[in-house]
K.L.:
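Have a look at the structure that comes next, please.
First listed ligand is number 1; within each ligand, the first listed atom is number 1.
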Amino acid sequence: MDTTSRPMIEAKQLTKRYGGVTAGRELAETAVSHLTFACQPGEIVGLLGPNGAGKTTTMRLLTGYLPPSSGAAFIAGHHTVNASLQARQHLGYLPETVPLYPEMSVAGYLHFIGKVRRLDDVWDRVDQVLEAVGLLDRAESFIGKLSKGMRQRVGLAQALLHNPDVLILDEPTIGLDPAQIVEIRQLIASVGRQRTVLLSTHILAEVEQVCSRVILLMNGRIQADLPLSQIKQGGNQLTIQLANPSAQTHEILQGIAGVTAVYPDTPNQFLLSFDGRDETRQLVAETAVSQNWGLLELKTNPHSLETLFLEKLKEAQTPTLSLVGGGPGRGPNA
Ligand code: ADP
């Protein structure tokens, strides 16, 4: 596990256009656009979005499986294209569909993967990951005879085999039954204790149960990037919408007594965590007026991930509102 504070996963203005030529006409669909975010050591981050939002594309770009059209991705500081070997040494990847060989035994398959990755002491590592994912008693079972949940454990085991400090998991619970979903989520939380994890999902509950932070992706753009604690804080969050915010607005809002955190939401909108006191809300309103920011709206949010998701989905369907910034210290994603 990396103990420095450098980001373990970093996307800088990542953009992917899928190109093609049909009837002599060049077609290019932008699957993801200017994604900028960073995951710090120890974070479990959920990449949440409806189908077609660009989650799989993002994961393929981060893992170096696809080259970006522009922008760059880094794993543990290594460029995923220019230093792909070093990046991959730090990275375990569970793709949406794991290429498993049904005629191989669980242990045999993992040993084969270990050899391909040129690991030392492969059998020791196989034993360790089998224990980590709870498959020791299935070591000799044929993969083709395992349940889907068990096969997903094998997928996780191959991702963990070289003991990476970063895990990227694409829809890890898709197609599993409810009991298997619970098991895999527990497993992710457990292996994630020592690692940085980015998992994609379209299931809100998955993020709430497993993740400490959520990045909301819609139409290939980041619509929100917030710690879960922020979302769960219920009524202790305000949204302020301003017609004319200035470059100092963030700082001034941050300085108001009772305001504990400020997150840029859209260029004209900020989310504020506050102490829940009416005096604080009054101060925020008075400040916006005295600073001539053009106060359009100040509201207390009845917050849950679901309301955030639905709000953002609505905004994403309104093209003029879809350009937003990230959480604290993160660059704009427009
Ligand atoms: P998600 O994982 O969120 O469902 P994807 O990353 O799979 O989203 O897809 C994002 C967009 O990119 C979709 O509009 C999809 O049709 C398109 N897309 C994905 N893969 C390809 C591809 N290989 N060629 C062309 N378009 C693609």
K.L.:
Should the pair Asp170-Lys55 be classified as a salt bridge under the 4.0 Å nitrogen-to-oxygen rule?
P.N.:
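Judged by the 4.0 Å cut-off on N to carboxylate O distance, Asp170 and Lys55 do not form a salt bridge.
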K.L.:
With sequence neighbours left out, write down each residue that passes salt bridge (Lys or Arg N to Asp or Glu O under 4.0 Å) with Arg153, or none if nothing qualifies.
P.N.:
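If we apply the salt bridge (Lys or Arg N to Asp or Glu O under 4.0 Å) test to Arg153, skipping adjacent residues, the hits are Glu183.
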K.L.:
Check for me, please, whether Leu35 and Val166 land in the same ILVMFWY cluster - side-chain distances under 4.5 Å, paths through other members count.
P.N.:
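Yes.
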K.L.:
Going by the angle between their ring planes, with limits at 30° and 60°, are Trp123 and His111 parallel, tilted or perpendicular?
P.N.:
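Because their plane-to-plane angle is under 30°, the rings of Trp123 and His111 count as parallel.
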K.L.:
Report all protein residues having a heavy-atom distance below 4.0 Å to some atom of ligand 1; order the list by chain, then number.
P.N.:
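Residues near ligand 1: Tyr18, Glu29, Ala31, Pro50, Asn51, Gly52, Ala53, Gly54, Lys55, Thr56, Thr57.
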K.L.:
Can you name the side chain to side chain contact (heavy atoms under 4.5 Å, CB included) partners of Asn244, sequence neighbours left out?
P.N.:
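Residues passing side chain to side chain contact (heavy atoms under 4.5 Å, CB included) with Asn244: none at all.
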K.L.:
Using a 3.5 Å cut-off and no angle test, enumerate the donor-acceptor pairs between side-chain atoms of residues 98-108 and protein atoms at least two apart in sequence or in another chain.
P.N.:
unit_1: Ser105; atom_1: OG; unit_2: Gly108; atom_2: N; d: 2.9

